[in-house]
Amino acid sequence: MLARRRSIELGTAVAVAIFGGIVATESLGHDIGWGEAGPGAGYFPFRIGLLLIAVSTGIFIQSLRMDRSESFVSATELRASLAVFLPTAALVALMPWLGCYVPSFVYLAYMMRRHGDFSWLRSIALAAVVMAVFFLVFEIWFRVPLAKGPIESMLGIY
Amino acid sequence: MSDFASLLVGFQTALSTYHVALMIGGVLLGILVGVLPGLGAPNGVSLLLPLTFSMDPVSAIILLSSMYWGALFGGSTTSILFNIPGEPSSVATTFDGYPMAKAGKPTEALATAFSAAGFGALVGVVLVTLLANSIAGIALRFSSPEYFAVYLLAFCSFIGMGSGHPLKTAAALLIGLSLAAVGMDTVSGEMRLTFGYDPLVKGVTFLVAVIGLFGIGEILITVEQGLKFDGIHAKIDLATVFRTMAGMPRYWLALVRSTLIGCWMGITPGGPTAASFMSYGVARRFSRRPERFGSGEPEGIISPEAADHSAGVSALLPMLALGVPGSATAAVMMGGLMIWGLQPGPMLFTEQHDFVWGLIASMYLANVVAVILVLATVPLFSAILRVPFSIIGPLIVVVCLTGAYTVSNSMFDVVLALIFGVVGYVFKKLDYPIAPLVLAMVLGDKAEDAFRQSMILSNGSLGIFWSTAIAGTLTTLAFALALWPLLSRLIGWMSARRVPV
Amino acid sequence: MRSPVAAALAVASLGALGAGFTATSASADWQPNRPVEFVVASGPGGGTDQFARLVQSIIQKHELMAVPVIVSNKGGGAGSEAFVYGKGADGDPTKVVFGTNNEWLLPLVTKMGYASSDLRPVASMAVDEFILWTNSEAPYQTAAEFIESARKQNGGMKVAGSQSKDTDQILVRRLEKATGVKFTYVPFKSGGEAAVQLAGAHVEANTNNPQENVGQWKAGKVRPLCVFSSKRLAYKEPVADGKSWADIPTCVEAGIPLDTYQMPRTVWLPKGTSDEQVAFYAAVMDKVRQTPEWKDWLARTSQSEAFVTGPAFADAIKQDETKNRAQFAEDGWLVN
């Protein structure tokens, strides 16, 4: 067992409370009262924020009494999840710089090779076909431009 | 009988070879954009819009509305196969559709959904035909208090049943409400929860949240068992489709009830999303085996689908009669109407008699065409699940992220989708229900606007929610549904006491 | 009390011709070589959306540009999403933003991620009119009777409009100042919703554009009282009850000292684009507004012709901004 469910429960409750705190604090910048024309812009968000803090405190207290032995995620499970999550996070991190096409192509080829037992050649070919279909459907057919990066502009594609 | 005669003339218009061809083309294109999460019906409509400028208005609206019907059907496909709802109104379909498909019955799940949707749509069209001339009058009676009551009813019918952890349900609901508040507040014109950060000005887009919470979150959970597992080995053929369709009459009660909810929510401008959630909630509450909902119960697919489509169909006429579009797609269609030289509004029905009845007749035909085409594609789509997960998984991720980007060409949305993916993963493992969060996101700001508009109208008096018959009935019904567990216990207790006496 | 936009219009009829000429000659220097994106500062279906899509279809039909045009809607934050996007596309001549006067009014009343000067004005292509409407069941037949009734109700008279601190509410505030009567303004999401609320008699009045209410007028649900313009509308064909747009009195005629209030349909480029690039689009828009399709659309939606480019347009913006800044400061709406 790598992470106890109880710790994650407590952590999530704290995160939700912080989120509620942010919502409540921000709404202080608006009218949180109930004026002549009914509730102000901050009336509901302020109370929603406070309620979130109250609710997550309740969850926190309930979670304290939880069985300590229950697992949230085992080491193998986490490794499997991270094997997908980390490349995906890298893909998201690269997209603002390189556009949609190139990072997606690399991601697809890598994932198929790494997890699908395809040869490099087949993985790359498959990824290329997918991205070509994307280009056709989005750019040519539906005229929905996807983000492009320096490599596309070097090739003169826009 | 003049309406009936008009309809017959409409059928003559719609049944020409040219128009049937337009319907088939429109439906196919619609299914395509509906299935691809990065594209929606609005993309398809705005793609076709320039083409329609050279057509006559009846042909143009037949093409566009057929595409819209196709997209409605296509949107359910991804809900069921990949847990990624393409439109807000197909979120509720994921609750039972996806578990059923995952359990190796994708063909049954899709066929059930499409049959229910087709039934709902056709009943919706019949209703539209009968009410065509009075529909604008009904909708005119709705103002902010009535809108608020409708949203409250949708909330209460869905939330009140409390099968999950009550505190966690509350937390999910409140988070959804907070997210709905991000962006510009209609009533005050102030920016809320944007922290001066530009990409937040437009608010947290529903589709982005859903792509993360459902699509990416689901992938992260699935791959805990490794990426190596193969696709589903299910027998996929048209015979299964027919068998599923033959079994539909068993669920006649769910079909009829959901369709009624859908039609009612479509005409009163509650909309398809509220209708599908409400119908699902009601189905679960009055089911004899509510514990099976959420794990692939056919009624859990039938109820939201029939309600969604009957609402979608019956909402089209109020839109034309009032000029207030209910969805982005409808809005683009309406814009088209004006460019073709037609003025949406109450007079459309008298001034453009042939146009309106041609459209109504085409709705019968196009929905039949759509059901046939979409059922024929079921084996094809089910077969996608046979592709090894190591290909389909990464592909879903890329499609999801691209979809998040195309919503408003914003890289921030892509990052947001990933964050929602992690939240979806953690929430699912900790049994925080995601559905209330999504429902609150969809209806939260609408409900708040309606509430505050009502308060301005009434000078701050809550009595306005009981000031008209419609609002009063709806509000009372909403409270009754929210307190139903308590009420039923009370009734049970009272009758139990009476028995011995 | 002529609005600066209207003032500019007077010049425009003379100036447009000249501006068009200079623009055409300058356009030879620059042309877009990749697809152009029309960024719409409203959701699908709104007035600005129709405006942009119509321009797109005219450009396509008459082949006024050599590259394809894509329309994308960025209506978040009352349209500010589009302007923020335009700011982000600094120096990119393929992003053309379509809006109204909200480009320079929004940053005054709300903390926005852009300033009006982050975009370069290209052209103002037409103006949309505002009319004071009331429910047809209401007792008052004229604007004067309406104002009298509102004075008696002392703030109880409910006026629906689209959005908060936007064109409709600004107009209602001016109406209050001009007449000394208080109204209750109820903001809805769109002019279409405001039209339905008035037709259903849930509010007493709205200040919709002609096209937003014409359907309900024809259906006999609403009645126009007066138009906020210095002269009556030009369209003389009967619309409803045997009355035409031209039969609606101006508000000044009807006894309300509020001369002109109009909403321009504007086109913008990101800051950092060159003069030739601005001139190219100004020339294209000039050709667009001379097509029968454009004139047809104006007539159908009862908007008024008014084409302004170059310095005249920039001056009009500056004047309008100054005037509104003063009003917002009085009302405590001003944030920047």
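Note that this is a predicted model, so its numbers are computed, not measured. The analysis underlying the following values was restricted to heavy atoms, covering all of them including side chains, and did not include hydrogens, waters or symmetry mates. Residue numbering restarts at 1 for every chain, and letters A, B, ... go by the order of the sequence lines.
Between the side chains of B:Ser143 and C:Gln197, at least one donor N or O lies within less than 3.5 Å of an accepting N or O. The closest side-chain donor-acceptor pair between C:Asp168 and C:Thr207 falls under 3.5 angstrom. When only modelled atom types and interatomic distance are considered, C:Arg223 and C:Asn213 share no side-chain donor-acceptor pair under 3.5 Å. No hydrogens or angles considered: a donor-acceptor pair under 3.5 Å links the side chains of C:Gln303 and C:Arg265. One side chain, B:Ser408 or B:Asp413, offers a donor N or O that lies under 3.5 Å from an acceptor on the other. Looking only at atom types and distance, the side chain of C:Glu237 has no donor-acceptor partner in the side chain of C:Ser244 under 3.5 Å away. Judged by distance alone, the side chains of B:Ser144 and B:Gln453 do bring a donor and an acceptor atom under 3.5 Å apart. Using modelled atom types and a 3.5 Å distance limit, the side chains of B:Glu146 and B:Thr468 yield a donor-acceptor pair.
With a 4.5 Å cut-off on non-hydrogen atoms, C:Val109 does not touch chain B at all. Only the side chain of C:Val84 comes within contact range of chain B, with heavy atoms under 4.5 Å apart. Contact of B:Thr194 with chain C is not made at all, since no heavy-atom distance falls under 4.5 Å. At a 4.5 Å heavy-atom cutoff, B:Asn459 makes no contact with chain C through either its backbone or its side chain. Interface residue C:Ser57: backbone and side-chain heavy atoms are both found under 4.5 Å from chain B. At a 4.5 Å heavy-atom cutoff, C:Val335 makes no contact with chain B through either its backbone or its side chain. Only the side chain of C:Lys74 comes within contact range of chain B, with at least one heavy atom under 4.5 Å from a heavy atom of that chain. In this structure, the portion of C:Lys158 lying under 4.5 Å from any heavy atom of chain B is its side chain and not its backbone. Contact of B:Phe142 with chain C is made through the backbone alone, with heavy-atom distances under 4.5 Å. For chain B, no part of C:Glu204 is nearby; none of its heavy atoms comes within less than 4.5 Å. For chain B, no part of C:Tyr114 is nearby; none of its heavy atoms comes within less than 4.5 Å. When heavy atoms are compared at a cutoff of 4.5 Å, C:Gln211 approaches chain B by way of both its backbone and its side chain.
Residue C:Phe188 holds its CZ atom at 10.0 Å from CG of B:Asp449, rounded to the nearest 0.5 Å.
Ranking C:Glu81, C:Lys61, C:Gln60 against chain B, the residue ahead of the rest is C:Glu81, based on heavy-atom pairs under 4.5 Å. When B:Asp185, B:Leu337, B:Val187 are compared by the number of non-hydrogen pairs under 4.5 Å with chain C, B:Val187 comes out ahead. Of the listed residues C:Pro187, C:Ala199, C:Gly200, the one with more heavy-atom pairs under 4.5 angstrom with chain B than any other is C:Pro187.
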